[in-house]
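Okay, so here's the structure we're looking at.
These numbers come from the heavy atoms of this one structure, side chains and all, not from hydrogens, waters or symmetry mates.
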Amino acid sequence: MDCTLLEISKIVGMRESAVKNRLYRALEKLEKELKEWGGVTIMSIQDLISIVNKGENEGLNNQPNKVHHDLFNELSDHIERISLKYNYHPSRKVTIEVYPDLPSFHQAVGEADAPNWFMGTYEGSILKIVSPLNPGPEHTYQSILKGTVHLFAMWLISEINPKAPKWIRQGIGGYEAKGMTQDFIEGSTEESIHNLEIPTFEQLDNDTWDFETMKGFQFSFLFVEFVVQQYGIDQLNKLIRNPQDCNGIFQCSEKELHQKMVEFISK
């Protein structure tokens with residue numbers, strides 16, 4: 001029930017100033033307890049994220065606009081949840097650079113001949129994306145917003161462990177952003193699964209455009225989903241931090257873990 005301080009003071013029979021002080025102390029206590037739980041500090045979205053326009057839009061850097069507003073809203077729905085889930089408090093601010101169109105974005109990241117689906121990447125603490133206002137033929141306004149959540153999750157995993165394998169980073173990005181529907185994942189991987197042409201962990205470390213051709217985004221998602229459903233988020237957190245310790249985490253070798261994943265997604 002939404003009540004003003006004055007209304008609460010009448011309900012509980014206390015002065016308005018006393019109600020205000022008690023609410024303030026309660027919020028302080030809650031923040032402290034949440035900080036201790038998982039070691040994560042609550043930060044406002046403005047404390048953690050800054051957004052700048054690049055290229056033709058540089059003159060709008062300090063002006064509020066729809067894209068900035070929608071990006072902040074999309075990220076604010078997920079950043080705290082993702083940070084708590086993976087037990088990591090970002091130690092530095094993230095900058096999102098928004099490029100006006102795909103050619104300018106591809107040129108800026110040194111990939112002038114990149115495919116149209118390539119809409120974002122990150123370098124250090126800078127996330128670079130194409131503007132959702134001009135996303136190209138393979139994306140929509142909304143998919144760019146979800147893609148930014150995907151990139152943030154990937155960045156966070158890289159902050160936790162810069163050596164985390166690509167399938168873990170990409171899989172968690174897709175798993176947290178939910179940018180691909182279940183129907184799309186199932187439909188696009190059905191033939192590969194039927195033919196047992198499921199990429200290995202080593203193949204999913206591919207940094208060329210073949211990653212998309214081999215359905216790397218989908219299979220990375222499915223592999224992360226397997227770990228969460230069969231072992232739980234705590235084991236996934238251990239894997240992020242110690243990806244070479246399959247025996248210690250899952251009591252099986254990396255090859256055996258992959259085989260279990262194949263059996264899981266083949267059902």
Side-chain angles (χ1 to χ4, degrees), residues 49-63 65-72 74-75 92-159 162-180 184-185 188-189 192 199-221:
I49 299 289
S50 63
I51 303 174
V52 298
N53 293 315
K54 303 295 288 185
E56 297 173 6
N57 293 330
E58 282 186 304
L60 299 176
N61 278 356
N62 296 317
Q63 298 179 23
N65 57 51
K66 177 175 172 54
V67 170
H68 289 205
H69 177 267
D70 290 348
L71 280 170
F72 273 125
E74 185 74 23
L75 288 164
R92 50 180 173 162
K93 192 166 187 172
V94 176
T95 298
I96 299 176
E97 294 182 349
V98 183
Y99 290 82
D101 52 44
L102 277 177
S104 60
F105 162 68
H106 289 165
Q107 190 71 37
V109 299
E111 298 286 357
D113 298 321
N116 289 328
W117 56 260
F118 180 50
M119 50 62 63
T121 188
Y122 62 96
E123 299 174 4
S125 59
I126 300 176
L127 310 188
K128 301 183 178 187
I129 64 168
V130 68
S131 171
L133 293 172
N134 195 11
E138 296 194 26
H139 282 285
T140 64
Y141 192 98
Q142 193 60 37
S143 73
I144 299 298
L145 298 184
K146 287 183 177 293
T148 308
V149 176
H150 184 129
L151 288 171
F152 174 82
M154 287 183 66
W155 171 82
L156 188 81
I157 301 307
S158 295
E159 286 286 288
K163 295 183 179 180
K166 183 174 182 176
W167 75 264
I168 293 179
R169 289 181 280 118
Q170 283 288 2
I172 289 175
Y175 188 78
E176 297 301 338
K178 298 293 186 288
M180 299 180 288
F184 170 78
I185 294 171
S188 60
T189 59
S192 297
T200 64
F201 293 142
E202 185 177 357
Q203 289 170 330
L204 287 175
D205 258 340
N206 191 317
D207 273 330
T208 72
W209 305 125
D210 289 339
F211 185 83
E212 191 272 342
T213 305
M214 72 173 71
K215 314 300 181 187
F217 295 102
Q218 295 94 311
F219 282 114
S220 295
F221 173 98

Taking side chain as C-beta onward, heavy atoms only, is [X] less than 4.5 Å from [Y]?
{"X": "Tyr141", "Y": "Asp70", "answer": "yes"}
{"X": "Ser131", "Y": "Asn53", "answer": "no"}
{"X": "Lys166", "Y": "Ser220", "answer": "no"}
{"X": "Thr148", "Y": "Glu74", "answer": "no"}
{"X": "Ile185", "Y": "Gln218", "answer": "yes"}
{"X": "Trp155", "Y": "Leu151", "answer": "no"}
{"X": "Val149", "Y": "Leu75", "answer": "yes"}
{"X": "Met119", "Y": "Pro135", "answer": "no"}

Could you tell me which non-hydrogen atom of [X] sits nearest to which non-hydrogen atom of [Y], and how far apart they are?
{"X": "Gly179", "Y": "Lys146", "value": "CA-CD, 4.0 Å"}
{"X": "Phe211", "Y": "Leu204", "value": "CE1-O, 3.3 Å"}
{"X": "Ala112", "Y": "Gln107", "value": "CB-OE1, 3.7 Å"}

Tell me, yes or no, whether the heavy-atom count around Glu138 atom CD, taken from other residues, nucleotides or ligands under 6.0 Å, exceeds 12.
->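 Counting neighbours around CD of Glu138, more than 12 heavy atoms of other residues, nucleotides or ligands fall under 6.0 Å, so yes.
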Can you establish whether the number of heavy atoms outside Gln142 located under 6.0 Å from its atom CD is more than 12?
->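 Yes, enclosed.
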Out of curiosity, [X] [atom1] to [Y] [atom2], how far, rounded to the nearest 0.5 Å?
{"X": "Ile157", "Y": "Arg169", "atom1": "CD1", "atom2": "CZ", "result": "10.0 Å"}
{"X": "Met180", "Y": "Ser143", "atom1": "CE", "atom2": "OG", "result": "12.5 Å"}
{"X": "Leu145", "Y": "Phe72", "atom1": "CG", "atom2": "CZ", "result": "13.0 Å"}
{"X": "Thr200", "Y": "Met214", "atom1": "OG1", "atom2": "CE", "result": "8.0 Å"}
{"X": "Met154", "Y": "Ile168", "atom1": "CE", "atom2": "CD1", "result": "11.5 Å"}
{"X": "Glu176", "Y": "Lys178", "atom1": "CD", "atom2": "NZ", "result": "5.5 Å"}

side-chain hydrogen bond (donor to acceptor under 3.5 Å, both in side chains) pairs, two or more places apart, involving residues 110-119 = none
Indicate yes or no for a side-chain donor-acceptor contact from Asn65 to the backbone of His68 under 3.5 Å, with no hydrogens or angles considered.
-> yes
Could you tell me whether Phe118 and Phe105 have their ring centroids closer than 6.0 angstrom?
->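 Yes, they do, as the ring centres are separated by less than 6.0 Å.
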Taking only residues two or more places apart in sequence, or in another chain, which ones meet His106 in a side-chain hydrogen bond (donor to acceptor under 3.5 Å, both in side chains)?
-> none
Would you please name every residue forming a side-chain hydrogen bond (donor to acceptor under 3.5 Å, both in side chains) with Ser125, sequence neighbours left out?
->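 Scan of Ser125 (side-chain hydrogen bond (donor to acceptor under 3.5 Å, both in side chains), adjacent residues dropped) gives none.
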Matching residue for Ile96 among Val67, Val52, Ile129, Ile126 - test: side-chain contact (heavy atoms from CB on, under 4.5 Å) = Ile129
Of Asp101, Leu102, Ile144, which is the lone residue that meets side-chain contact (heavy atoms from CB on, under 4.5 Å) with Asn134?
->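 For Asn134, the side-chain contact (heavy atoms from CB on, under 4.5 Å) check succeeds only for Asp101.
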Examine Lys215 relative to Phe217 and say whether NZ or CZ is less than 6.0 Å from the centre of the six-membered ring and inside a 45° cone about the ring axis.
-> no
